[in-house]
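The next block holds one structure in the form of structure tokens; read it before the comments.
Position 1 is the first residue of the sequence, and the numbers go up from there. Note that ligands are numbered from 1 as they come in the structure, with each ligand's atoms numbered from 1 the same way. All of these numbers come straight from a predicted model, not from anything done at the bench.
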Amino acid sequence: MAGRNNPLIVWCGISFDTFNLMHRWFGRLAILEGLVHFLCWVIPKVHTAGWSVVKASMGHSNFIITGTIGLAAFVFILFTSQSIIRHAFYETFLHLHQLAALFAVGGVWAHLHIEGLPAKHIIEAVLAIWVIERSIRFLRIIYINIGNGGSKVDVEILPGDAMRLTLRLARPWKFRPGQHAYIYMPSISLWMSHPFSLAWSNNDEADPTSTPNASEKEMGLPLNRQDIMSMNKTTMSLIVRRRTGFTDKLYKKVSNMPNGTLTTRGLIEGPYGSQDLSSYGTVLLFAAGVGITHQVPHVRELVQGYSAGTVATRKVVLVWIIQSPEHLEWIRPWMTTILGLPNRRDVLKILLFVTRPRSTKEIHSPSSSVQMFPGKPAVQALVDAEIEHAIGAMAVTVCGTGSLADEVRRAARGRMDKKNVDFVEESFSW
Ligand SMILES: Cc1cc2nc3c(=O)[nH]c(=O)nc-3n(C[C@H](O)[C@H](O)[C@H](O)COP(=O)(O)OP(=O)(O)OC[C@H]3O[C@@H](n4cnc5c(N)ncnc54)[C@H](O)[C@@H]3O)c2cc1C
């Protein structure tokens with residue numbers, strides 16, 4: 001369950017977040033079973049022969065030594081994977097977690113092997129799955145990023161401690177709402193990757209005057225899929241909020257550049273996840289701060305689909321909570337495009353809540369479909385108002401702080417008996 005590409009995620013139709021939760025709980029159960037197994041050996045041993053025999057076994061019997069190493073590694077994992085440690089020292093946690101998992105699995109395998117127990121083949125199968133998954137990931141990263149000049153990342157500083165990253169992939173994939181990708185930037189962090197939601201994609205169609213080139217025409221070479229893809233320049237963009245590790249290092253590096261922008265080589269791994277909200281009549285999207293990057297692609301897809309008559313959606317309400325109006329800058333070009341889409345006024349309403357405005361002058365509503373308010377939203381009242389006038393089934397989604405997610409979840413869950421409401425959450429953390 002440690003792999004990013006476990007087919008069960010797709011087959012069960014569950015999110016990576018939920019799968020991760022299962023990873024944690026199956027892990028805890030396995031550790032508990034390991035502890036019970038150990039106690040079932042040690043208690044009768046102490047009762048019948050005393051501690052000295054237990055100590056002697058742990059010093060001399062390879063069977064007991066390897067089992068104890070495996071169990072110790074499991075217990076180490078149990079303590080170091082607590083949420084507080086995971087979130088405070090994520091990268092240290094991840095490295096120690098993987099090392100401990102190696103000792104745990106290796107210890108259990110040796111424990112079984114010494115006694116010639118056939119259960120060791122289960123461990124071998126697990127290792128094989130792990131190696132295959134890692135190899136596929138590695139080959140995919142190479143395929144997506146190598147060739148066609150390689151993948152590049154343009155980074156620009158935005159107001160409010162944020163950056164816009166524009167990914168120019170060597171081999172782009174089809175952009176869908178709800179996708180995220182892992183970014184490796186060896187010039188900032190040698191091998192660690194960080195997940196970010198894809199907020200926007202631009203498809204610049206190839207210039208027909210430049211294709212095919214003269215020599216290709218002359219030789220009558222047909223264009224293959226690769227040629228066509230390299231002529232279509234697809235870029236994907238995301239917004240990164242500065243934190244204290246990788247994102248802080250990147251922010252400082254870009255700030256020190258003379259023009260506040262940086263172009264660097266990067267490796268992109270993805271896409272992971274995607275969500276389709278197009279079958280809901282009403283979609284209510286909540287975002288706090290940088291969580292807007294997860295919601296913008298949905299808004300774009302639903303408004304475009306409404307106009308084209310390809311989605312069931314008749315009403316989209318975006319509620320975005322920001323600390324100051326300068327955060328609007330993060331998505332200004334994309335919002336301008338969305339607000340310019342045909343029939344947008346018939347389907348989209350945007351409610352902006354500014355929690356720390358510097359003055360009341362900053363709060364002004366440009367139109368009845370884009371309204372700005374000071375302070376925090378009354379989540380339950382907003383959900384209730386939309387449920388009251390909902391068309392068809394309704395999706396309530398949230399991406400933002402934990403407290404906002406809790407509030408929105410409570411508000412939506414409490415009304416599930418009244419209306420056909422589904423709740424979708426993206427937490428930006430695990
Ligand atoms: C699916 C998903 C989508 C995300 N999308 C965005 C986005 O669009 N924009 C955005 O600004 N942030 C996004 N994040 C959060 C982003 O990944 C972290 O803020 C970033 O990795 C922090 O890096 P750091 O070294 O500066 O963090 P730190 O300051 O060291 O830690 C801050 C937090 O980030 C988490 N974190 C640190 N490193 C990693 C890592 N390698 N993998 C996962 N989590 C990590 C830690 O648990 C901690 O809670 C997303 C996270 C997830 C899981």
(Q) side chain to side chain contact (heavy atoms under 4.5 Å, CB included), that's the test. Do Leu71 and Leu35 meet it? Break it down for me. (A) CA-CA 7 Å; Leu71 183 73; Leu35 275 168; 4.3 Å; yes

Please list, chain by chain and in numerical order, all residues satisfying salt bridge (Lys or Arg N to Asp or Glu O under 4.0 Å) with Asp406, sequence neighbours excluded.
->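 Here the qualifying residues are Arg409.
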
(request) Under the salt bridge (Lys or Arg N to Asp or Glu O under 4.0 Å) rule, collect the residues that match up with Arg168, sequence neighbours excluded. (result)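 Applying salt bridge (Lys or Arg N to Asp or Glu O under 4.0 Å) to Arg168 gives Asp154.
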
Take Arg415 and Gln380 through the test side chain to side chain contact (heavy atoms under 4.5 Å, CB included) and record every step on the way to the result.
CA-CA 10 Å; Arg415 300 294 182 263; Gln380 187 71 64; 3.3 Å; yes

Check the angle between the aromatic planes of His111 and Phe63 and answer parallel, tilted or perpendicular using the 30° and 60° thresholds.
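Geometry flag for Phe63 against His111: parallel rings.
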
Strictly by salt bridge (Lys or Arg N to Asp or Glu O under 4.0 Å), give each pair with a member in residues 301-328 just once, sequence neighbours left out.
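As it turns out, the salt bridge (Lys or Arg N to Asp or Glu O under 4.0 Å) pairs with a partner in residues 301-328, which skip direct neighbours, are Lys315-Glu386.
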
- Message: Show me, by chain and number, every protein residue that has a heavy-atom distance under 4.0 Å to ligand 1.
- Response: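 Near ligand 1, by chain and number: Arg86, His87, Tyr90, His180, Met192, Ser193, His194, Pro195, Phe196, Ser197, Ile239, Val240, Arg241, Arg243, Thr244, Gly245, Phe246, Thr247, Val290, Thr293, Glu426, Phe428, Ser429, Trp430.
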
